[in-house]
There are 2 protein chains.
Amino acid sequence: MADGDIRVLVVEDEAIAAEAHAAYLGRLTGFVHAGTAGNGHSALRALTAAASAGTPIDLVLMDMTLPDLHGLDVSRRMRAAGLTTDIIAITAVRELQIVRGAVAAGIVQYLIKPFTYATFAQKLVQYREFRKQLGSQSVVTSQTDVDHAFASLRTPTELPRPKGLSEGTLGAVIEFLKLQTAPVSSSEVMEQLGISRVTARRYLEHLADTGSLDRSPRYGTPGRPENEYAWKRLTQ
Amino acid sequence: MADGDIRVLVVEDEAIAAEAHAAYLGRLTGFVHAGTAGNGHSALRALTAAASAGTPIDLVLMDMTLPDLHGLDVSRRMRAAGLTTDIIAITAVRELQIVRGAVAAGIVQYLIKPFTYATFAQKLVQYREFRKQLGSQSVVTSQTDVDHAFASLRTPTELPRPKGLSEGTLGAVIEFLKLQTAPVSSSEVMEQLGISRVTARRYLEHLADTGSLDRSPRYGTPGRPENEYAWKRLTQ
DNA sequence: CACTGTTGCGGTCATATTGGTCACGACCGG
DNA sequence: CCGGTCGTGACCAATATGACCGCAACAGTG
């Protein structure tokens, strides 16, 4: 395992699901499957054992429905034991009360079963970004630094397509952007797709706002700087 | 108090700060100041008392530096006692470890002192939105519902920027300055970011005026003295 | 040595330039 | 006829440019 990899404990009573989670983990860089626990008590034992062995767990993928304890109880006991390990809840339970409790228990992500690999990967990549944000900072942190770190836990799930954007055009813009190696400006999108600059911008801005695109100004020429956009590739 | 208002407990040892927080609360609709505690133990007592009295606290504004317990300890004990009250941390401490611990302790927002009313209001409004998101849902919750609730908690609503300054450029300048170990001149910022000297100065001056940068003239060379700027690292 | 004019460089300001932004009308499908 | 999508043109905002100003170092003069 590479230094700085995130050590993950899978807590899941169904063997098939546990294996699936571990397999998913293997497909993501930066994560290491550090073990599996089938119930709450063994999870707690594994966590304390790993901590005292000098190889602490960084992240727990915690199923909420366990044979002995509820996942939230496991989380609370972890906190009571002084463990600051981060937790991603994985559950088929959709009750409001559980979600509220999860927030209070310091759960960083909430995954609802059944989920696709894409959803799983998205949540974990977000968590990895969150860690990177905090880790790259010096000891001193500003309000904006903290805000940004919290924001990277934010989900860039596609908001329902706002008014004024059509399915077809959006698809065309995305397809075009994926083909580009260098960032493109709205003018280039306008030319290549044969749509107006305003329309091109509408779609580019939407994609940038939802986190699918990187946006940065292009300097050097007189006049207001032109934004250029690049498809954000989630590194796997 | 209107039904559905958010009952807030202020935990702060300095009386002046506690009063200020309560006064800030009064200016926000939807929040009710439900009491003040000067130390960790009285905070815990107040919380349990309020819960058993049938008027539970919904939110705690928790200072991290208290005379008896650390704010994080208070949070952990609250969790251990089964309280799912939400917590906003208010602190002058900027240590990375505290931020990480705060996340694990289920702290929903992190406010760094000193803060303006605008920042304070922003964080609380975000929290109110978060509650509204979850409260309006039915019992059954979808992945996107949860994602949106989390997003409203963690998406920073950007603060107003003076005219003439763009978000992208400001971010680029700040990022560049944080990487520097030695003070930099406007010419160096110009070269490295590919922007004009005038533009570089506009952003540097703004940051210096708002207190984010140290500014001092650089003598020794012929010509008018050149200002050099350094990111202000608060040692604490 | 003191004073003074010169020189050189960065700060300052006005202006031109360009893309972003907004409001509205055209067009199209139901 | 109506809701939704797109283009158009006027206006707004952020930038580069270049002329001008201010300040410190420097060199020459008394």
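If you're wondering where the values come from, they're calculated on a predicted model, not measured in any experiment.
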It should be established whether [X] places a side-chain nitrogen or oxygen under 4.0 Å from OP1 or OP2 of nucleotide [N].
X        : N      : result
A/Arg201 : C/dG19 : no
B/Thr221 : C/dG10 : no
A/Thr199 : D/dC6  : no
A/Ser186 : C/dG19 : no
B/Tyr203 : D/dT15 : yes
B/Lys163 : D/dA14 : no
A/Ser166 : D/dC6  : yes

For A/Ser185, which contact category applies under a 4.0 Å heavy-atom criterion: base, sugar-phosphate, or nothing?
nothing
Flag, side chain of [X] to backbone of [Y], donor-acceptor distance under 3.5 Å:
X        : Y        : value
B/Asp86  : B/Leu59  : no
B/Glu19  : B/Ile16  : no
B/Gln180 : B/Ala182 : no
B/Arg79  : B/Gly106 : yes

Rounded to the Å, how far apart are [X] [atom1] and [N] [atom2]?
X        : N      : atom1 : atom2 : value
B/Glu228 : C/dC9  : CD    : P     : 18 Å
B/Glu205 : C/dT12 : CD    : C1'   : 11 Å
B/Leu193 : D/dA14 : CG    : P     : 18 Å
B/Arg161 : C/dG20 : CZ    : C1'   : 13 Å
A/Glu188 : C/dG19 : CD    : P     : 11 Å
B/Arg197 : D/dA19 : CZ    : P     : 13 Å
A/Ile195 : D/dT5  : CD1   : P     : 14 Å
A/Tyr219 : D/dT17 : OH    : C1'   : 17 Å

Does B/Arg224 make a side-chain donor-acceptor contact with the base of C/dG8, cut-off 3.5 Å?
no
Can you tell me which nucleotide in D/dT15, C/dG19, C/dC22 comes closest to the side chain of A/Glu226?
C/dG19
Of the candidates D/dA25, D/dA14, C/dC22, the side chain of B/Pro222 sits closest to D/dA25
Parallel under 30°, tilted from 30 to 60°, perpendicular over 60°: which one fits the rings of B/Tyr24 and B/Phe120?
tilted
